Amino acid sequence: MGLFKSESIGVEIQGRELKCLVCGHDAFWKREAQLNTATATFFHFDWANRSGVCYVCAKCGYIHWFLPP
Ligand SMILES: [Zn+2]
């Protein structure tokens with residue numbers, strides 16, 4: 001699709017190694033995600049109109065999405 005870099009990375013969250021919630025894999029593609037205004041408006045989330053980070057499992061494709069506090 002060309003959306004992701006071909007190189008997967010290990011990820012650490014809060015000092016713990018991230019493992020895929022679905023398949024337990026430990027390599028991910030990282031994507032920055034700008035939550036768009038349409039989505040924010042739809043869900044009435046004022047706080048959602050900002051960027052987050054996605055770690056996409058390199059094995060099964062499950063998206064682990066984090067919003068920085
Ligand atoms: Zn997975």
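As the structure is a computational prediction, the values presented were derived from the model and not from experiment. Each ligand, and each atom within it, is numbered from 1 in the order the structure gives.
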Decide yes or no on side chain to side chain contact (heavy atoms under 4.5 Å, CB included) for Cys57 and Phe28, but give the supporting numbers first. CA-CA 5 Å; Cys57 176; Phe28 301 85; 4.1 Å; yes

Looking from the Zn ion (ligand 1), what is the angle between SG on Cys60 and SG on Cys23, to the nearest 10°? 120°

Would a line drawn from the ring center of Tyr62 to the ring center of His64 be shorter than 6.0 Å? yes

Where the Zn ion (ligand 1) is the centre, what is the SG-to-SG angle for Cys57 and Cys20, rounded to 10°? 110°

Strictly under 2.8 Å, is any N, O or S atom of His25 next to the Zn ion (ligand 1)? no

Kindly work out whether a path of hydrophobic side-chain contacts (I/L/V/M/F/W/Y, heavy atoms less than 4.5 Å apart) joins Trp29 to Phe66. no

Within a reach of under 6.0 Å around NZ of Lys59, are more than 12 heavy atoms found that belong to other residues, nucleotides or ligands? no

